[in-house]
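Working notes, structure below.
Here is how names work: the chains are called A, B, and so on, in the same order as the sequence lines, proteins then strands, and each is numbered from 1.
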Number of protein chains: 2
Amino acid sequence: MEKKEKKLIDTCPVRKSLDIIGGKWKLLIIGQFFGAEMLRYGDLKKLIPEISEKMLNQELKFLCKANILSKKIFHETPLRVEYALTDLGKQVIPFIGMLADLGNKLEELEGEA
Amino acid sequence: MEKKEKKLIDTCPVRKSLDIIGGKWKLLIIGQFFGAEMLRYGDLKKLIPEISEKMLNQELKFLCKANILSKKIFHETPLRVEYALTDLGKQVIPFIGMLADLGNKLEELEGEA
DNA sequence: TGGGGTACTTACCTTTTGGTTGGTTTTACT
DNA sequence: AGTAAAACCAACCAAAAGGTAAGTACCCCA
């Protein structure tokens, strides 16, 4: 029943999105699911070799809580866990392309007066 | 003549965009220019009262260097400085609306199973 | 019994980001 | 000479984000 006094700045929907999109790894992780139905923990480790396991876990946990990714555990042996984009998560994908376009325009102007 | 060994991850255009969009204040500052031809330093301080002067200066400087904002100095008295969106900066505006839409969808699902 | 595979977790440390406070400069007005 | 307004800077500090290294749990197979 705790009633947190949230500031406007924290309840702003833009900021909610930045929580998903911001950070060093989240968008990179989400991007891996473009063209991949589902990915396992180990797949992501291979696809993004620079990421530490701590970060990968942390971000996966976050993205699941945020309803961007779903997690399916198969109690096989060896243990298998599959991550996939939720419907909501799929809506993030187009942003990646748009951000890339913008980024390319930014590069063109680099160093210009 | 320094030749920095940049990693792929740093030259990625998506990351360039995240530099502009990320952080606590940059998008908020850019958003103030929606419907405003130009804004003065003092205007922005009033429009975003929570921001510290250090951050406002820092981000304005960054956004100018990144070709998102232009800066015009009028050597009047008292000194007048006007900031405005560049053509490139105007291309960031639509993102704000899109991020807000996504953010609203995120909120709808908050706490759901 | 012990090594290997998969999926994590924890403790500790460094780097980055952001906040606080108190300056500076220029010009004008009184 | 003193004060004020606008724009900006710098030193210091705290909090958040990210990195490193090691360990856990589970099960299998040799």
Distance in angstrom units between [X] [atom1] and [N] [atom2], rounded:
{"X": "Tyr41(B)", "N": "dT24(C)", "atom1": "OH", "atom2": "P", "value": "17 Å"}
{"X": "Lys61(B)", "N": "dT17(C)", "atom1": "NZ", "atom2": "P", "value": "16 Å"}
{"X": "Glu53(A)", "N": "dA11(C)", "atom1": "CD", "atom2": "P", "value": "17 Å"}
{"X": "Leu18(B)", "N": "dA17(D)", "atom1": "CG", "atom2": "P", "value": "15 Å"}
{"X": "Asn57(B)", "N": "dT17(C)", "atom1": "CG", "atom2": "C1'", "value": "16 Å"}
{"X": "His75(A)", "N": "dA7(C)", "atom1": "NE2", "atom2": "P", "value": "13 Å"}
{"X": "Leu60(B)", "N": "dA6(D)", "atom1": "CG", "atom2": "C1'", "value": "14 Å"}
{"X": "Lys72(B)", "N": "dA6(D)", "atom1": "NZ", "atom2": "C1'", "value": "18 Å"}

So, is [X] close to the [N] phosphate, meaning a side-chain N or O under 4.0 Å from OP1 or OP2?
{"X": "Lys26(A)", "N": "dA17(D)", "value": "no"}
{"X": "Tyr83(A)", "N": "dC8(C)", "value": "yes"}
{"X": "Lys24(B)", "N": "dG19(C)", "value": "yes"}
{"X": "Arg40(B)", "N": "dA7(D)", "value": "yes"}
{"X": "Lys71(B)", "N": "dC8(D)", "value": "yes"}

- request: Start with the C-alpha gap between Lys16(A) and Asp19(A), add the side-chain angles, then the distance that decides, and say whether salt bridge (Lys or Arg N to Asp or Glu O under 4.0 Å) holds.
  value: CA-CA 5 Å; Lys16(A) 294 248 169 200; Asp19(A) 286 346; over 6 Å; no

- Task: For Gln58(B), report the nucleic acid contact type (base, sugar-phosphate, nothing); a contact means any heavy atom under 4.0 Å.
- Result: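 Here Gln58(B) touches no strand at all.
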
Run the salt-bridge test on Lys61(A) and Glu59(A) with the 4.0 Å N-O cut-off and return the result as yes or no. no

Asp43(A) and Arg40(A) ion-paired at < 4.0 Å: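 The answer is no: the pair does not qualify as a salt bridge.
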
Where do Ile20(A) and Ile30(A) come nearest, in terms of heavy atoms and distance?
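In terms of heavy atoms, the two residues are closest at CG2-CD1, 4.1 Å.
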
Short N/O separations, protein against nucleotides 26-30 of chain D, under 3.5 angstrom:
unit_1	atom_1	unit_2	atom_2	d
dC27(D)	O3'	Thr77(A)	OG1	3.1

_Taking the six-membered ring of Tyr83(B) as reference, does the cationic atom of Lys72(B) (NZ for Lys, CZ for Arg) lie under 6.0 Å from its centre and within 45° of its axis?_
no

Comparing nearest nucleotides in DNA chain C, the 5'-proximal residue of the pair Ile51(B), Lys54(A) is Lys54(A)

Tested for side-chain contact (heavy atoms from CB on, under 4.5 Å) against Leu18(B), the lone hit among Leu102(A), Ile21(A), Leu18(A) is Ile21(A)

| request: Drop me the distance from Glu53(B)'s CD to Gln58(B)'s CD, to the nearest 0.5 angstrom. | output: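 Reported value, rounded in 0.5 Å steps: 13.0 Å.
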
